Amino acid sequence: MQEIPKTYEPQKYEDKIYSLWEKSGKFNPDNLKLPKNAKPYTIILPPPNITDKLHLGHASIIAIEDLLIRFHRMKGFRALYLPGTDHASIATQNVVEKKLLKDQGLTRHDLGREKFLEEVWKFLRVTQATILKQARKMGGSFDWSREAFTLDAQRKKAVTKMFLDMHAEGLVYRGKRIVNWCPRCKSTLADDEVEYNEEIGKLYWIRYGPFVLATSRPETKLGDTAVAVYPGDKRYAKMVGKKYMIPGVLGEFEITVVADKAVDPKFGSGAIKVTPAHDFTDYAISQKHNIALKQIIDEDGKMMSNCGKYAGMTTLEARKAIVADMEKMGFIDHVEDGYKHNLATCYRCGATIEPIPSEQWFLAVDKKLKRLGGKSLKEKALEVAKNGKIKFYPFRFTKRYIDWMTNLHDWCISRQIWFGHEFPVWYRDSNQKSVSSEQQKEIYVGEKAPKGKGWVRDPDTFDTWFSSGMWSFSTLGWPDNYKNNKKTGDLAKFHPTQVLETGYEILTLWVSRMIMMSLFALGEIPFENVYLHGMVLDQFGKKMSKSKGNGIDPMDMIEKFGTDAVRLSLLIGSAPGNDMRLSEEKIASYRNFVTKLWNIYRYCVHADGKFLLIEKISQKDLKSLSDRWIVSELNRLIEAVTDNLNEYKFSLAGEMLEKFIWNDFASWYLEINKLENNSKVLGYVLDKILKLSHPFAPFITEKIWQDMYEGKCILMVEKWPVADKKLIDKKAQMEFDSLRQVVSKIRNTRASYHIDPGKTIQVFAKKAENKEVLEKLARIKIDIVSKIDTNGIVVAGKKIKLTLAISDLVDIEKEKARLGKEIANLEGLIVKTGALLGNKNFVKSAPKEIILVNQAKLKEYGDKLKIQQELFENLR
RNA sequence: GGGUCUGUAGCUCAGUUGGUUAGAGCGCUACAUUGACAUUGUAGAGGUCUCCAGUUCGAGUCUGGACAGACCCACCA
C-alpha cells in the first residue's frame with residue numbers, strides 16, 4: 001500500500017480528475033448505460049456573458065446546477081448539463097468600445113461596422129475561451145459535445161426562423177412609438193434596461209396661456225400639443241375639450257385641454273403640459289384622446305430643425321436658453337429649487353435616456369393566436385405559472401413573475417447595435433431606415449435578400465434577450481429538430497428541461513421571455529422548475545463589483561483552497577432566494593472539511609492494509625453497539641440527504657453531511673474503531689459518505705474512489721445510495737447517545753476542575769438502570785476519548801449513578817454552586833412540565849405523541865434532579 | 001406610490017407541517033497535543049428569537065400593527 005500524503009492537495013489532482021471524467025464520455029448522457037425508459041434530467045447553463053471572466057455568481061450557479069446534475073446522474077437519470085455562452089450584444093459592444101477608445105482613441109464609428117465587429121470577435125474569442133476553461137475548473141459535468149453560443153450558426157438559424165414564424169403569425173410588427181432612446185449608444189432600450197437615478201433639479205412654474213403649470217423640462221414646451229387635467233377637477237372643468245392658443249418663445253401654438261386619470265391633481269397646479277413625442281405618460285394620453293404628436297428631439301439627443309434658433313442644441317443647452325428667454329418674456333412664474341425626481345439613464349453607459357418616437361420592431365404580447373388556443377403569449381405565460389406547470393422555488397417568486405407578466409407591454413426587440421443577430425428584413429432604400437424619417441417605402445421579410453436592385457438589409461440587430469429567450473430549445477437543435485409540430489432528436493429527448501437555475505435578478509428579464517418563446521415555438525413550457533438563488537455579497541453585505549474592488553475571484557479561491565471548498569462554501573449556509581455573504585474565511589473552513597474527509601480515508605487505509613470500500617453490509621457484520629449506532633445513523637442520513645436534495649434544500653443536506661462526517665463518524669466512531677478494528681463498517685460508511693458527498697465535493701470524493709479502486713470505475717456514475725431500513729436501529733442510537741452523554745459529563749467535570757489529563761479518573765456507578773449499558777461503556781473503552789478508569793464501575797440495583805473520584809481535586813464551594821444552579825433549573829422545568837400536563841386543554845387537544853414526550857420528560861427531569869440532589873448531599 | 005424579503009449568540013447564518021431546556025460555523029475563554037487530521041481535539045461563556053397586540057393548551061414559527069435595513073416594480077409632468 002502506497003503512503004498517503006497528510007493533506008489533500010487539490011491543485012495536484014483536480015485537472016487530472018476532470019479529464020478522467022471528460023475522457024470517460026459520461027458527461028454525454030448518450031454514453032450512460034441506462035435502461036431505455038430512464039427519465040431525462042436536463043439543465044441548460046444560463047449562458048454567461050462573454051464580456052468578462054466568471055465571477056462568484058457564476059460559480060454559485062455552476063455549484064448548484066452541477067450538484068443537481070450529479071445527484072440525478074447517480075440516481076439513474078439521463079442527466080444532461082449543457083454549457084454555453086451569451087454574446088450579450090449591447091454589453092459586449094460597450095465593453096469593446098470602451099477598450100477601443102482607451103487603447104486607440106477610436107470610436108466604433110471611426111472604425112466602421114465591419115472592422116469594429118472584427119474587434120468584437122477578437123475580444124470575445126479570448127473571454128469565451130477563458131469562461132469555458134473556468135467552467136471546467138468549477139468541476140461542472142458539462143456535455144461539451146453540445147456546447148452552444150447565442151450567436152453561432154445554429155442559433156442564427158433559430159433566431160431567423162423564430163422571427164419569420166412570428167412575422168407570419170403577425171406577432172411581430174413594425175411600429176412607430178415612443179421608445180427609451182440612449183443618445184450615446186444610439187439605440188433603443190427595453191423598459192427594464194432603463195435605470196432610474198435620483199437627481200435633484202429644478203421645477204419650473206411657467207405661465208402657460210390661461211394656466212400656470214409646473215415642469216422639470218421646459219424645453220419640451222416646443223413639442224406640446226395638449227394640456228391635461230384630472231377628470232372632474234373643478235379648477236379646470238370648464239376648459240376641458242376646448243382649444244387654446246399658448247404664447248411661447250417661438251410664437252403662439254395651439255393646445256387642446258383633455259381630462260385624464262393619469263394626471264395627479266395634487267401635483268403642481270393640477271394641470272400638466274402634454275408632450276406626446278417625448279414622454280411616456282404624455283404619449284399614452286395623446287393616444288387616448290387622439291392628439292397629434294410633434295417630435296422635437298432627434299436620435300442624437302439634440303433639438304430638431306423645427307425648433308428655430310434652438311435647433312442643434314442638446315436638450316440641456318436648450319433648457320438653459322429657453323429658460324433665459326422665458327424669463328425675459330415673462331413666462332416664468334417662479335422656480336422651485338431642490339426638486340427631487342428620478343432621472344432615466346442607460347443601464348449600460350449611464351447616459352440620460354431621451355424618450356423619442358422611433359420606428360422599431362415589436363413583439364405583440366396581447367395578440368391572440370390560434371396556435372395558443374386563441375390565447376395571447378401573455379395569457380399563456382401567466383397560465384403556466386398559475387396552474388403550477390412551472391414551479392418556482394422559493395414559491396414567493398411566483399407572485400413576482402405573475403405581477404410582472406400581467407403588466408407586460410409589447411416588447412421592443414430591435415436595437416441599433418452593431419453586434420448581434422441581424423434581422424431577416426430588407427428595405428428598398430438604405431436611407432429609409434432613419435429614426436427621424438417619416439415614411440417607409442418597401443419592406444421585405446425573408447431569409448435571403450429579395451431579387452432586384454437597391455435592397456439593403458435592416459442595419460438593426462435583435463435585443464440580446466430575443467436569442468437568449470430561445471436558449472432552452474435552440475440549444476437542443478430547434479428548428480432542425482422540429483418538423484411538422486413534432487420534436488425529434490435532442491429536442492424530443494431533453495425538452496422541456498427540468499430545472500432552470502438562475503439569480504432572481506433576471507427572473508423578469510430572462511425567465512419570462514424564455515417561457516413565452518418556448519410556448520410560441522413548441523407549445524410547451526421550457527422548464528418544469530425555476531430555482532432562484534440570491535446574490536453573492538461580500539463579507540460586509542455589499543454587492544461585489546470590480547469598481548469597488550471587493551470582488552472575490554473564484555479562480556483565486558480555487559487556486560488557494562480547491563474547487564471542492566469553493567463549491568461547499570457556496571452551497572452551505574444559504575437559503576434559496578436569499579442573498580449570501582461570502583468571505584475567504586468561510587472558504588478556508590470548508591477546505592478544512594475537505595482535509596478532514598481526506599484524513600478519514602487516510603486513517604481507514606492505515607488502520608487496515610487490506611481496507612476496501614463495501615457496498616452492502618448485513619446485521620452479522622455489526623459486532624458492537626457502536627457499529628449498530630453508526631450504521632443506523634448513516635442510513636437515516638441517506639434518507640435525509642436524499643429528501644432534502646429532492647426539495648432543493650442543498651444547504652440543509654450539506655450541513656447534515658458535514659455534521660455526520662465530522663462529529664459522528666470522525667470524532668466518535670473512528671476513535672472507538674481504533675479499539676474495535678471493524679474495518680468492514682469503516683468501508684461501508686466511507687462508501688456511502690463518498691457517494692453522498694460527491695455532488696457537493698466531486699473532486700476529493702472521486703480522487704479517493706480512484707485510489708481505492710485503482711481506476712477501475714468512476715464514482716461520478718456510481719449508484720446513489722438508498723437507505724436500508726433494516727439497519728436503522730433506534731435502540732442502539734438511544735443507548736449510544738446516553739453513553740455519549742456520560743462521557744461528555746466526565747469531560748465536562750474534568751475541564752471544570754482542571755484535572756490533569758494524564759491522570760485517570762475512577763468512575764463508580766452504584767445503581768444501574770440497564771446493566772448492559774454500563775457493560776458496553778466498559779467494553780468500548782471510552783477512556784480513549786475521556787481517559788477514565790472503568791474498573792471502578794459497579795453495577796447494583798436499577799438506577800445509574802456515576803460518582804467521580806475527584807473529591808480531592810474539587811473546589812467544593814464551586815461545585816456546590818454549579819449543582820445548585822442545575823437543581824434550580826431542573827426544578828423549574830419540573831414545575832413547567834407538570835403544569836403543562838396538568839392542563840386539561842393541553843391533554844385534550846395535543847397529539848398523543850407530544851403528551852408522551854412530555855410525560856417522559858417529566859420523569860427524566862425527576863430522575864436527574866434526584867441524582868443532582870444526591871451529589872449535592874455527598875459534597876457535605 | 002405599490003410590492004417582496006430580512007431582523008435569532010460578538011459576527012455570518014440555519015431552524016422543514018406551530019410541540020424536547022432554540023442550533024451550527026467563525027470569533028472569544030480555558031485546557032490538551034508526538035500515530036488519520038495543528039487544516040486538530042475537549043470543554044465553557046454568550047440569546048427577554050427587533051418591539052407591541054392577537055389566535056392557540058402551546059408561537060422563533062401563524063395573523064395584524066410598529067420600527068429598522070435590503071431589494072423589486074411603477075414612475076409624477
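The shown structure was predicted, so the numbers you read here are calculated from the model rather than taken from an experiment. Each chain gets a letter, A, B and so on, in the order the sequences are listed, and its residues count up from 1.
The aromatic ring centres of Tyr590(A) and Phe561(A) sit 6.0 Å or more apart. Between Phe211(A) and Tyr236(A), the distance separating the two ring centers is shorter than 6.0 angstrom.
G60(B) and U16(B) are spaced 14 Å apart, taking the C1' atom of each and rounding to whole Å. Nucleotides C31(B) and A36(B) have their C1' atoms positioned 23 Å apart, rounded to a whole Å. One C1' atom belongs to C72(B), the other to G25(B), and the distance between them is 31 Å to the nearest Å. Going from the P atom of A77(B) to that of G3(B) covers 22 Å, rounded to whole Å. Separating the C1' atom of G10(B) from that of A53(B) is a span of 31 Å, rounded to the nearest Å. With both ends at atom P, the span from C37(B) to A45(B) equals 31 Å, rounded to whole Å. Using atom P as the reference point in both G23(B) and G46(B), the two lie 14 Å apart (nearest Å).
Nucleotide G46(B) forms a pair with no other nucleotide shown, judged by Watson-Crick or G-U wobble geometry with both contacts under 3.5 Å. Using the Watson-Crick or G-U wobble rule with both distances under 3.5 Å, C62(B) pairs with G54(B). C26(B) and G10(B) make up a base pair, with Watson-Crick or G-U wobble contacts both under 3.5 Å. Base pairing of C5(B) is made with G69(B), judged by Watson-Crick or G-U wobble geometry with both donor-acceptor distances under 3.5 Å. The partner of A32(B) is U40(B), by the rule that a Watson-Crick or G-U pair needs both atom distances under 3.5 Å.
Residue side chain Lys844(A) does not reach the base of C57(B) through any donor-acceptor N/O pair under 3.5 Å, judged by distance alone.
Across C75(B), G25(B), U21(B), the shortest atom-to-atom separation from the side chain of Lys832(A) is found for U21(B). When distances are taken from the side chain of Ala846(A) to each of G19(B), U4(B), A77(B), the shortest belongs to G19(B). Comparing C57(B), U39(B), G19(B) by their closest approach to the side chain of Arg591(A) singles out U39(B). Here the nucleotide nearest the side chain of Lys399(A), chosen from G41(B), G3(B), C73(B), is G3(B). Distances from the side chain of Thr281(A) to the nucleotides C75(B), A14(B), C57(B) place C75(B) closest. Checking U16(B), A36(B), C73(B) against the side-chain heavy atoms of Asn599(A) singles out A36(B) as nearest. Nearest to the side chain of Val263(A), among A77(B), A14(B), C57(B), sits A77(B). With A24(B), G19(B), C76(B) as the candidates, the nucleotide lying closest to the side chain of Lys659(A) is A24(B). Of the candidate nucleotides C73(B), A77(B), A14(B), A14(B) has the atom nearest to the side chain of Leu652(A). Distance from the side chain of Ser667(A) is smallest for U42(B) among the nucleotides A77(B), A14(B), U42(B).
Note: CZ (Phe842(A)) to P (G58(B)) measures 11 Å, nearest angstrom. Distance CG (Asn854(A)) to C1' (U20(B)): 8 Å, rounded to an integer number of Å. Taking atom CG of Asp403(A) as the reference point, atom P of C75(B) lies 15 Å away to the nearest angstrom. For Leu670(A) and A36(B), the CG to P distance is 9 Å, given to the nearest whole Å. The interatomic distance linking Ile851(A) (CD1) with C57(B) (P) rounds to 14 Å, in whole Å. The distance from atom CD1 of Ile850(A) to atom P of U21(B) is 11 Å, rounded to the nearest whole Å. The interatomic distance linking Asn839(A) (CG) with G58(B) (P) rounds to 7 Å, in whole Å. In this entry the distance linking NZ of Lys586(A) with C1' of U12(B) reads 8 Å, nearest Å.
The existence of a salt bridge linking Arg217(A) and Glu354(A) is confirmed by a sub-4.0 Å separation between a basic side-chain nitrogen and an acidic carboxylate oxygen.
At the phosphate of U39(B), neither OP1 nor OP2 sits under 4.0 Å from any side-chain N or O atom of Thr7(A). For the OP1/OP2 pair of C37(B) and a distance below 4.0 Å, the side-chain nitrogens and oxygens of Arg602(A) include at least one atom meeting the criterion. Between Asn592(A) and U40(B), a side-chain N or O to OP1/OP2 separation shorter than 4.0 Å is present. Here Tyr861(A) reaches the OP1 or OP2 of U21(B): one of its side-chain N or O atoms lies under 4.0 Å away. The shortest distance between the side-chain N/O atoms of Lys596(A) and the OP1/OP2 oxygens of G41(B) is below 4.0 Å. Contact check, Trp662(A) against G41(B): a side-chain N or O comes under 4.0 Å of OP1 or OP2. Proximity of Lys273(A) to the phosphate of A77(B): no side-chain N or O atom is located under 4.0 Å from OP1 or OP2.
No side-chain donor from either of Thr398(A) and Lys391(A) sits under 3.5 Å from a side-chain acceptor of the other. Using modelled atom types, one finds a donor on one side chain and an acceptor on the other under 3.5 Å when comparing Tyr208(A) with Asp224(A). Under 3.5 Å, the side chains of Ser651(A) and Lys649(A) contain no donor-acceptor pair of N or O atoms.
The cationic group of Lys221(A) lies under 6.0 Å from the six-membered ring centre of Phe331(A) and within 45° of the ring axis, placing it in a cation-pi geometry.
Within 6.0 Å of the NZ atom in Lys857(A), the count of heavy atoms belonging to other residues, nucleotides or ligands exceeds 12.
Along RNA chain B, the nucleotide closest to Ser651(A) and the one closest to Asn663(A) are compared, and the more 5′ of them pairs with Ser651(A). Each of Pro847(A) and Met580(A) was assigned the nucleotide of RNA chain B with the nearest heavy atom; the assignment lying further toward the 5' end belongs to Met580(A).
Lys857(A) comes within contact range of the sugar-phosphate backbone alone, with a heavy-atom separation under 4.0 Å but no base atom that close. Contacts of Ala666(A) with the nucleic acid, taken as non-hydrogen atoms under 4.0 Å apart, include base atoms. When heavy atoms are screened at a 4.0 angstrom cut-off, Ser845(A) is found touching base atoms of the nucleic acid.
With respect to Tyr531(A), the ring pair (Phe, Tyr, Trp, His ring centres under 6.0 Å) criterion is satisfied by exactly one of Phe397(A), Tyr393(A), Phe395(A), Tyr648(A): Tyr648(A).
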